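Presented below is the structure to which this report refers.
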There are 4 protein chains.
Amino acid sequence: MITPNLHGIFPPIPTPFHQDEVDYGALVDNITRWMRTGIAGMLVLGSNGEAPFLDQDESQRVVAAAREVTPRDRTLIVGASAESTKGAIAAVQRAAGAGADVVLVRTPSYFKSRMTADVFVRHYTAVADASPVPVLPYNVPSFTGVVLPPAAVARLSRHPNIVGVKDSSGDLTQIGDLVALTPPGFNVLVGSAPTLYASLCVGAVGGIVAAACVVPDLCVRLYELARANRHAEALALQQQLTPIAKSVTSTYGVAGLKAALDLAGYRGGLPRAPLEGASPEAIDTMRGQLHALQALA
Amino acid sequence: MITPNLHGIFPPIPTPFHQDEVDYGALVDNITRWMRTGIAGMLVLGSNGEAPFLDQDESQRVVAAAREVTPRDRTLIVGASAESTKGAIAAVQRAAGAGADVVLVRTPSYFKSRMTADVFVRHYTAVADASPVPVLPYNVPSFTGVVLPPAAVARLSRHPNIVGVKDSSGDLTQIGDLVALTPPGFNVLVGSAPTLYASLCVGAVGGIVAAACVVPDLCVRLYELARANRHAEALALQQQLTPIAKSVTSTYGVAGLKAALDLAGYRGGLPRAPLEGASPEAIDTMRGQLHALQALA
Amino acid sequence: MITPNLHGIFPPIPTPFHQDEVDYGALVDNITRWMRTGIAGMLVLGSNGEAPFLDQDESQRVVAAAREVTPRDRTLIVGASAESTKGAIAAVQRAAGAGADVVLVRTPSYFKSRMTADVFVRHYTAVADASPVPVLPYNVPSFTGVVLPPAAVARLSRHPNIVGVKDSSGDLTQIGDLVALTPPGFNVLVGSAPTLYASLCVGAVGGIVAAACVVPDLCVRLYELARANRHAEALALQQQLTPIAKSVTSTYGVAGLKAALDLAGYRGGLPRAPLEGASPEAIDTMRGQLHALQALA
Amino acid sequence: MITPNLHGIFPPIPTPFHQDEVDYGALVDNITRWMRTGIAGMLVLGSNGEAPFLDQDESQRVVAAAREVTPRDRTLIVGASAESTKGAIAAVQRAAGAGADVVLVRTPSYFKSRMTADVFVRHYTAVADASPVPVLPYNVPSFTGVVLPPAAVARLSRHPNIVGVKDSSGDLTQIGDLVALTPPGFNVLVGSAPTLYASLCVGAVGGIVAAACVVPDLCVRLYELARANRHAEALALQQQLTPIAKSVTSTYGVAGLKAALDLAGYRGGLPRAPLEGASPEAIDTMRGQLHALQALA
């Protein structure tokens with residue numbers, strides 16, 4: 001089996017809603033537009049896809065819709081997670097059945113104090129054993145409250161069906177450890193755009209970053225500059241990207257990301273309740289940030 | 001509509017498994033035995049019921065089985081939660097349909113930084129508006145990483161279908177605030193057995209505490225001593241209960257609770273993966289604790 | 001050696017400043033007034049005394065001034081802490097020399113990750129061996145970022161010169177453990193007024209709480225009601241005290257405490273820089289709270 | 001006034017003790033040896049210098065001894081901190097008087113919840129106004145529990161006597177923000193060796209890192225490789241350095257650093273109580289790490 005390409009930039013795309021129902025038309029419109037950019041693929045049903053808000057049927061239809069408009073030379077990563085190992089296995093099998101090239105499996109986290117390195121290794125090993133497609137463990141402490149330790153990922157990197165990891169900690173010591181402790185060819189992807197350039201410096205092969213939904217080609221250019229050893233230019237571009245990158249994540253969240261998409265000419269809309277839409281002040285701030293990047297629609 | 005009784009002790013019962021499948025027979029056996037004690041009712045599908053590990057169908061069958069063997073004079077509280085408001089409404093309606101007297105609705109928590117007091121008020125108001133049975137919001141920061149502020153509960157306490165709150169923070173300032181800021185008749189229930197007596201002192205009307213699964217009648221006795229103003233005896237009993245109360249929660253978790261049930265003559269068994277069973281050392285410790293309470297089977 | 005009395009209420013008194021210099025006259029005026037209330041003694045050079053802002057000479061003069069106006073039947077507790085064991089020994093010896101009846105020794109905390117139970121036990125044992133007066137270890141995680149575990153206090157409680165502990169965690173499980181794990185006669189004092197009543201219920205013998213600076217006699221009355229098993233009245237009084245108790249600690253800090261003292265007819269003034277004075281809104285809020293308690297000057 | 005050079009590598013040197021007293025001879029021996037390496041200067045009385053354990057007199061003598069053996073072309077940075085603004089001003093004046101080229105001033109942190117951006121700006125402005133030598137604010141959340149926000153540093157960077165900042169958060173978003181929000185020529189120094197290379201990539205001008213005490217020339221080489229745009233080699237060297245860099249900080253602390261110095265032929269010895277010496281296992285681990293770097297004495 002050939003591992004799908006995981007080098008480059010992958011937007012973690014939002015799920016558009018219309019009157020609280022998934023708007024599949026808007027989803028397809030957005031993807032079609034993203035496919036005209038230099039992204040290497042995309043992630044559906046991640047945190048920014050409001051995956052915890054979708055039921056099983058909605059999730060399946062989102063994946064199927066995305067698959068239909070995603071060319072085979074772009075990698076379709078699908079979020080497929082559950083608190084129980086049994087549930088996670090079912091989720092990855094559903095995702096693969098609906099067309100995922102790779103599945104992204106978030107750490108279980110409800111019973112936080114029990115989530116030891118050994119527990120994670122057993123969980124991911126069972127999931128990877130049962131998954132029809134390659135698996136990426138996903139570490140996102142800001143949402144889960146737990147940390148997937150690099151030493152656990154090092155053990156998991158020996159599994160033939162675990163081909164990389166997504167780490168959204170923004171912790172460069174952790175990113176550096178993931179690179180240092182795993183074999184060449186294991187794909188370390190980062191999930192934090194403000195540290196995208198620094199992460200590429202220490203050996204990450206790409207990024208799954210919300211900013212790439214809004215300004216995909218700028219993120220792709222940052223990736224290419226870093227690869228070309230054009231560090232001064234890459235750093236300058238990182239500094240330009242950081243303000244909007246923060247706005248669509250830590251500062252304004254998914255609602256901010258969706259509002260920024262509206263400003264950039266994509267179909268954003270509102271998140272599902274209980275999340276609230278972005279405030280007028282947030283929208284104004286992001287309008288200014290996108291204007292500075294010449295990224296307003 | 002008469003509010004079901006929420007005064008007293010309510011065990012948050014585990015879900016027994018046999019070879020990773022729900023063991024409904026064991027569930028019924030346990031409930032039957034608990035119903036011979038002085039408990040005021042029980043909670044199914046709470047954290048100790050491994051609710052995050054059950055699928056929708058399993059959840060429904062657990063509630064139905066519990067309903068069948070729970071007499072009408074004991075209150076059947078059912079955990080019914082989801083990250084989205086839409087999902088939580090569906091969950092409380094399913095729970096009510098399956099026989100819940102009251103539903104316990106955990107705070108949404110995935111998008112932690114967005115979970116403001118206003119967001120919680122809107123979420124719970126919508127859920128309570130749509131719920132056929134009374135609603136208890138549920139604050140459990142050790143699992144969710146978010147805190148439901150007493151000021152939000154104060155606002156929610158004016159909703160006719162929100163009849164109390166369960167707070168498992170173990171924070172007595174918070175418990176005291178919940179009592180002080182809500183009207184008489186609003187039921188503040190605590191979820192932390194090591195602080196059960198202190199919580200009753202400051203005005204809680206009962207407890208939904210894991211220790212009550214293992215030693216229900218001792219918990220009931222503590223409740224009655226506190227109500228009878230027999231404080232010295234209540235404190236002495238609290239001190240006796242605290243060691244096993246910690247073992248089955250913070251120290252050994254759900255696996256510990258299940259092992260303690262086995263020791264006490266109930267049907268405990270193993271939790272679902274990725275949780276691991278209790279270690280031999282944990283079991284030995286709890287055997288000693290239960291022996292001291294004369295609670296071994 | 002007879003242990004000084006540690007039962008009852010002890011205000012942790014602020015250090016007044018005039019133009020950033022210690023105002024010893026104001027200090028003496030305040031103490032003189034407190035001595036007309038039912039307090040059992042007081043703490044000088046605690047956190048509320050801005051001890052970390054005073055140099056060695058100022059500290060000595062504050063203790064000496066307090067000693068002069070404190071009758072022998074009230075216990076003078078003096079904060080005496082340092083990061084090194086050597087420094088803490090010097091500090092307790094200076095405090096004893098200046099007239100302390102008891103010293104309160106805060107946990108070292110700079111090298112947080114090294115502060116294990118064993119390290120604390122060794123530190124306090126060395127300090128207690130060298131101290132001319134009895135020692136109270138002091139646990140205050142909100143300022144130090146470390147926790148003194150009850151198991152360490154249990155070991156320390158066997159030292160003849162360690163006569164109790166002050167715990168400001170506000171964590172009732174911790175307070176309960178301190179009482180349960182130490183011998184009768186060991187004095188557990190709490191440092192959080194919003195949990196004063198609950199702490200007395202579980203066996204604390206008194207409180208060193210900021211609210212007692214502002215409304216000493218109400219705090220003394222709460223203590224006496226709890227001791228007299230008049231629990232309903234005690235709880236009602238706790239609920240009345242809680243708002244001002246929070247204002248002078250977590251909400252507005254030392255600056256709030258000093259402003260509240262001004263409102264109550266004591267000499268409060270401003271804290272030392274970099275702390276800022278209380279805002280007009282804070283003062284208004286506290287004026288209302290003290291009015292409700294009939295405690296305005 | 002010419003700003004002393006702050007580009008390059010600066011070891012934060014430990015204070016050696018002999019039988020719990022400062023060993024000035026060992027201090028001078030070590031410095032003499034460090035001065036034969038390519039370091040740009042050094043820091044005395046930092047966290048690794050156990051500054052919180054030294055009294056005023058010891059501190060002065062340490063600075064004076066260091067000054068005597070530090071050539072004028074190496075920058076002598078001296079830690080000079082206090083909780084009060086008044087105390088910090090006195091500390092920087094003493095340090096300057098004893099020969100400091102630059103002072104490093106840790107954030108006040110005892111009253112954590114009061115330490116707002118405004119408070120920090122006022123504190124550092126007053127300190128810089130009064131300091132005879134240039135000032136570096138110092139952000140070290142793992143010891144202080146507070147964060148100095150980049151926005152506050154941006155405001156402070158306009159003060160002519162505040163010439164840079166030391167940030168030990170290890171947070172690359174924060175490092176990147178410090179660089180982006182301050183003017184060219186403002187010196188951002190990092191305090192976390194595992195992220196040294198990543199920090200240099202995003203614009204830091206140097207590092208004050210414990211690893212530089214043990215393997216100064218390897219740290220200097222990493223700095224030079226990064227400056228020369230030889231990124232692949234720099235990353236490889238970072239990966240080699242990271243294990244010992246962690247050992248002498250987060251894993252084994254100051255005791256570990258001192259033990260590593262003994263292994264590398266410097267005079268390390270034991271930290272002051274209550275800190276404990278490194279365990280035999282820790283020493284074995286570090287012996288292996290230093291052997292791999294050919295850095296054993």
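Keep in mind that the numbers below use all heavy atoms, side chains included, and drop hydrogens, waters and symmetry copies. We name chains A, B, ... by the order of the sequence lines, and we start the count at 1 in each one. As the structure is a prediction and not an experimental result, all values here were calculated from the model.
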For chain A against chain D, give me the donor-acceptor pairs closer than 3.5 Å, one per line with atom names and distance.
from, atom 1, to, atom 2, distance (Å)
D:D177, OD1, A:K246, NZ, 3.0
D:D177, OD2, A:K246, NZ, 2.3
D:K246, NZ, A:D177, OD1, 3.0
D:K246, NZ, A:D177, OD2, 2.3

Check each atom of A:L172 against the heavy atoms of chain D and say whether the ones under 4.5 Å are side chain, backbone, both or neither.
both
Among all residues two or more places apart in sequence or in another chain, which pass the ring-ring contact (aromatic ring centres under 6.0 Å, His included) test with A:F186?
none
Under the rule for side chain to side chain contact (heavy atoms under 4.5 Å, CB included), what residues qualify as partners of D:A212, not counting sequence neighbours?
D:I9, D:P11, D:V209, D:C219
For A:A152, check side chain to side chain contact (heavy atoms under 4.5 Å, CB included) against everything at least two apart and list the hits.
A:A117, A:V121, A:L148, A:P149
Using every non-hydrogen atom in the two residues, find where A:V202 and D:A198 come nearest and quote the distance to one decimal.
CG1-CB, 3.9 Å
